[in-house]
Amino acid sequence: MLFSRMLIPTLKETPAEAEAISHQLLLRAGMIRKVTSGIYNYLPLGKRVLAKVERIVREEMDRAGAQEVLMPAVQPAELWQESGRWGVYGKELLRFLDRHERDYCFGPTHEEVVTDLVRREVHSYRQLPLNLYQIQTKFRDEIRPRFGLIRSREFIMKDAYSFHKGEAGAEACYQDMYDAYNRIFKRCGLNFKVVEADSGPIGGSFSHEFMVLADTGEDLLASCNACAYAANLEKAEVPLDLQEPGPPAGDKELMATPGVRTVEEVAAFLKVNSKDIVKTLIYETERGPVAILIRGDHEVNEVKVKNLLGVTDLALAGLIRVQELTGAEAGFAGPVGLEIPIYADQAVVRMNAMVTGANHDNHHLLRVHPQRDFKISRMADLRAATAQDPCPRCGGELTILRGIEVGHIFKLGHKYSKALKAVYLDQEGAEQYIYMGCYGIGVSRIVAAAIEQGHDDHGIIFPMALAPVQVALIPISLNDAAVRDCVFKLHEELETAGIEVLLDDRDERPGVKFKDCDLLGVPLRVVIGAKTLAQGQAEVKERRAQAPEFVSLAGLPEFLRQRISAQIGASK
RNA sequence: CGGGGCGUAGCGCAGCCUGGCAGCGCGCCUGCUUUGGGAGCAGGAAGCCGGCGGUUCGAAUCCGCCCGCCCCGACCA
């Protein structure tokens with residue numbers, strides 16, 4: 001591979017639009033270019049990295065017994081209407097009409113299509129189990145695409161769907177996928193953590209997400225320092241520790257708090273601790289408005305609220321609506337006298353003298369008692385876990401980490417097989433619904449995640465398994481005939497040996513080539529200069545290393561081959 | 001969708017307040033010199049100043065509408 005012939009448009013300066021480090025470096029390294037918001041071109045080197053990820057995914061999926069298929073990007077509305085998701089998926093589903101004015105969408109996921117395929121072709125228990133996967137372009141019309149390849153609208157995803165006779169087989173398959181995913185991310189050289197995830201309205205007893213640890217991650221996760229427990233913060237339980245409140249600490253009292261709305265303001269104004277204050281959050285749901293009570297120093301976990309209420313739509317009520325429901329401006333809502341259902345976090349229930357809004361402009365109530373002064377419809381764990389909470393498994397200490405979700409596996413059960421009537425006949429000739437599971441990997445997101453994890457001031461540091469090329473070959477001066485002959489000969493020799501090598505044959509000064517080589521993240525750099533060449537040596541430097549090593553030219557291909565396989569093998 | 005910011009050469013930006021030749025750095029092209037960490041000199045190409053409308057003798061600059069992009073938030077199988 002000759003640098004001068006490749007489209008590798010590196011940039012010295014960071015384009016203004018890029019915020020995330022992976023986005024900046026992908027642009028600067030000439031691996032991607034934006035076409036429009038959340039939609040990118042992959043240039044030759046970017047495509048090579050993608051291909052590396054895809055290859056690892058294919059090898060491990062095949063090894064786990066899955067079969068590769070390719071489903072269409074464009075899907076007919078009928079299937080989505082049949083599953084019921086045409087009406088509920090929302091604007092993230094890109095819909096359009098064909099020339100006959102028939103409804104279509106660009107697939108954000110493929111449960112409908114794959115279930116349709118299987119229901120047409122699979123009729124007997126003898127044909128099960130089946131695990132079908134594809135690596136394909138998805139489109140989700142994200143409200144706000146951001147961070148380059150981390151949250152794009154069009155992206156490459158590996159999605160797999162398993163079909164089993166029953167739950168037992170599906171769970172074994174789930175475990176196989178769990179293991180395959182661990183191997184995939186390990187081979188990709190990623191530092192990741194598997195966390196318990198919310199399985200959402202789909203249900204199912206469990207779900208796991210694979211998180212690449214990075215400070216720029218959009219997801220928060222709670223991880224136990226003592227045991228193996230780790231969960232998405234959306235899912236992380238706060239151990240239930242129900243206690244009765246103490247007796248009332250005195251009559252409740254109406255206190256004027258002019259213009260004092262937030263927990264911080266109330267705490268400062270009344271000189272109380274935020275732990276003594278209760279926030280009353282008014283939410284709208286498809287089943288009507290509710291009030292959620294959360295202690296002042298805690299944050300509500302909306303996923304837990306949704307699961308408790310069994311609703312899919314949950315949004316903070318607008319200012320006007322809050323006024324209608326509480327009779328006061330936002331900031332002064334409280335549970336006393338509220339007419340809508342009240343759900344309280346467990347921490348609230350044991351408070352015997354809480355400060356709450358008074359449902360009266362510019363007033364709060366002191367010494368409110370949960371049993372004496374208002375009625376709680378239900379009480380539960382409704383708040384986000386914090387680093388101060390104990391591990392729900394072992395009581396150990398939790399750490400809150402940030403992560404980028406690169407994989408998600410969950411059981412679907414009969415949701416789609418029932419909706420689309422995907423059935424088989426069992427040994428007794430009885431019709432049974434097929435038991436499904438689904439397993440996703442964000443292939444293009446892995447590329448970004450690897451860069452978020454592997455970079456320094458000079459550029460990308462790719463793990464060997466993902467690098468666009470394994471070796472960069474840099475001549476100090478192509479005008480020196482000996483050097484020139486040597487690098488072209490080496491280039492051929494290395495390619496013959498099956499080593500991916502990029503010869504920087506550009507008419508540039510060495511400094512430019514070093515800068516670009518670092519920027520691209522090529523793991524091994526071979527420099528040929530007149531002096532070392534005269535000694536029959538090449539200079540080899542690992543991207544991560546400070547100092548170079550000197551290797552005899554004769555032994556160079558073997559030396560590189562060993563380095564490469566050691567590094568790919570190490571992450572295998 | 002709410003809040004904020006930005007659209008001027010391929011990239012990074014100045015000019016706009018106070019209307020009057022469209023600029024700077026990098027990149028690109030030609031030539032010479034140079035060759036171990038983003039070279040030097042000389043010459044050159046490249047712009048509907050996001051779009052539409054208005055004000056004005058005259059608009060990148062002032063006014064209105066629209067479009068696009070980025071950030072924060074809400075949202076997210």
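All chains are named by letter (A, B, ...) in the order of the sequence lines, taking the proteins before the strands, and each is independently numbered beginning at 1.
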Could you please name the partner base of [N], counting Watson-Crick and G-U wobble pairs only when both distances are under 3.5 Å?
N     : result
B:U18 : none
B:U30 : B:A42
B:U35 : none
B:C49 : none
B:U56 : none
B:C24 : B:G12
B:G73 : B:C1

- Distance from A:Thr115 atom OG1 to A:Leu79 atom CG, nearest 0.5 Å? 9.0 Å

Taking [M] as the reference, what is the distance to [N] when you measure between their [atom1] atoms (whole Å, please)?
N     : M     : atom1 : answer
B:U55 : B:C63 : P     : 15 Å
B:C6  : B:G12 : C1'   : 14 Å
B:A46 : B:U56 : C1'   : 31 Å
B:G2  : B:C66 : P     : 12 Å
B:U18 : B:G4  : P     : 23 Å
B:U61 : B:G53 : P     : 14 Å
B:C1  : B:G64 : C1'   : 24 Å
B:A14 : B:G5  : P     : 15 Å

- Item | Qualifying residues under side-chain contact (heavy atoms from CB on, under 4.5 Å), relative to A:Arg287, sequence neighbours excluded |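 Checked A:Arg287 against side-chain contact (heavy atoms from CB on, under 4.5 Å); matches are A:Thr285, A:Val311.
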
- Item | By side-chain contact (heavy atoms from CB on, under 4.5 Å) - contacts of A:Lys421 (at least two apart) | A:Val423, A:Glu431

- Item | For A:Tyr178, all residues meeting ring pair (Phe, Tyr, Trp, His ring centres under 6.0 Å), sequence neighbours excluded |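 A:His208, A:Phe210.
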
- Item | Partners meeting ring pair (Phe, Tyr, Trp, His ring centres under 6.0 Å) with A:Tyr439 (sequence neighbours left out) |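 Result, ring pair (Phe, Tyr, Trp, His ring centres under 6.0 Å) vs A:Tyr439: none returned.
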
- Message: Please give me the minimum heavy-atom distance between A:Asn131 and A:Cys173, naming the atom from each residue.
- Response: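 Smallest heavy-atom distance, with atoms named: ND2-SG, 3.9 Å.
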
- Counting only non-hydrogen atoms, which of residues 34-45 of chain A are less than 4.0 Å from RNA chain B? A:Lys34, A:Thr36, A:Ser37

- Query: Would the A:Tyr161 and A:Tyr416 ring centres measure less than 6.0 Å apart?
  - Reply: no

I need the [atom1]-[atom2] distance between [X] and [N], as an integer number of Å.
X        : N     : atom1 : atom2 : answer
A:Met157 : B:C76 : CE    : C1'   : 13 Å
A:His23  : B:C11 : NE2   : C1'   : 14 Å
A:Leu27  : B:C69 : CG    : P     : 15 Å
A:Arg33  : B:C69 : CZ    : C1'   : 16 Å
A:Asp198 : B:C76 : CG    : P     : 11 Å
A:Arg445 : B:C76 : CZ    : P     : 15 Å
A:Arg85  : B:C76 : CZ    : C1'   : 13 Å
A:Gln24  : B:C71 : CD    : C1'   : 13 Å

- Task: Apply the test side-chain contact (heavy atoms from CB on, under 4.5 Å) to residues A:Trp86 and A:Leu93: give CA-CA distance (whole Å), side-chain angles for both, the deciding distance (0.1 Å), then the verdict.
- Result: CA-CA 8 Å; A:Trp86 186 258; A:Leu93 183 64; 4.0 Å; yes

- So what does A:Arg146 hit on the nucleic acid, given a heavy-atom distance under 4.0 Å: a base, only sugar-phosphate, or nothing?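 Answer is base: heavy atoms of A:Arg146 come under 4.0 Å of a base.
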
- Which part of the nucleic acid does A:Glu405 contact within heavy-atom distance under 4.0 Å: base, sugar-phosphate only, or nothing? nothing

- Item | Pair listing, salt bridge (Lys or Arg N to Asp or Glu O under 4.0 Å) test, anchored in residues 525-536 of chain A, at least two apart | A:Arg525-A:Glu539

- If you look only at pairs with a residue in residues 151-163 of chain A, which of them pass as a salt bridge (Lys or Arg N to Asp or Glu O under 4.0 Å), with sequence neighbours excluded?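 Of all non-adjacent pairs touching residues 151-163 of chain A, those that pass salt bridge (Lys or Arg N to Asp or Glu O under 4.0 Å) are A:Lys138-A:Asp159, A:Asp141-A:Arg153, A:Glu142-A:Arg151, A:Arg151-A:Glu218.
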
Is [Y] paired with [X] through a side-chain N to carboxylate O contact shorter than 4.0 Å?
X        : Y        : result
A:Lys415 : A:Glu111 : no
A:Asp505 : A:Arg5   : no
A:Arg119 : A:Asp116 : yes

Return the polar atom pairs (N/O with N/O) between nucleotides 35-43 of chain B and the protein under 3.5 Å, or none.
residue	atom	partner	partner atom	Å
B:U35	O4	A:Asn479	ND2	2.5
B:G36	N1	A:Glu539	OE1	2.7
B:G36	N2	A:Glu539	OE1	2.8
B:G36	N2	A:Glu539	OE2	2.8
B:G37	O6	A:Arg525	NH1	2.7
B:G37	O6	A:Arg525	NH2	3.2
B:G37	N1	A:Asp518	OD2	3.0
B:G37	N2	A:Asp518	OD2	2.5
B:G38	O2'	A:Lys12	NZ	3.0
B:G38	O6	A:Arg28	NH2	3.1
B:G38	N1	A:Asp516	OD1	3.2
B:G38	N2	A:Asp516	OD1	3.1
B:G38	N2	A:Asp516	OD2	3.3
B:A39	O4'	A:Arg509	NE	3.4

Residues 478-487 of chain A side chain polar contacts: donor-acceptor under 3.5 Å, at least two apart:
residue	atom	partner	partner atom	Å
A:Asp480	OD1	A:Ala482	N	3.0
A:Asp480	OD1	A:Val483	N	3.2

So which protein nitrogen or oxygen atoms get under 3.5 Å of nucleotides 12-14 of chain B's nitrogens or oxygens?
residue	atom	partner	partner atom	Å
B:G12	OP1	A:Ala16	N	2.7

- Message: Heavy-atom nearest nucleotide on RNA chain B for A:Glu142 versus A:Glu19: which residue maps closer to 5'?
- Response: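 Closer to the 5' end of RNA chain B: A:Glu19.
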
Nucleotide N/O of nucleotides 1-9 of chain B paired with protein N/O under 3.5 Å:
none

- Option passing side-chain hydrogen bond (donor to acceptor under 3.5 Å, both in side chains) with A:Glu549 (candidates A:Arg563, A:Lys541, A:Gln537):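 The residue from A:Arg563, A:Lys541, A:Gln537 that satisfies side-chain hydrogen bond (donor to acceptor under 3.5 Å, both in side chains) with A:Glu549 turns out to be A:Arg563.
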
- Message: Does anything in residues 17-27 of chain A form a side chain to side chain donor-acceptor pair (under 3.5 Å)? List the pairs, not counting sequence neighbours.
- Response: A:Glu17-A:Lys34, A:Ser22-A:Glu452, A:His23-A:Tyr40

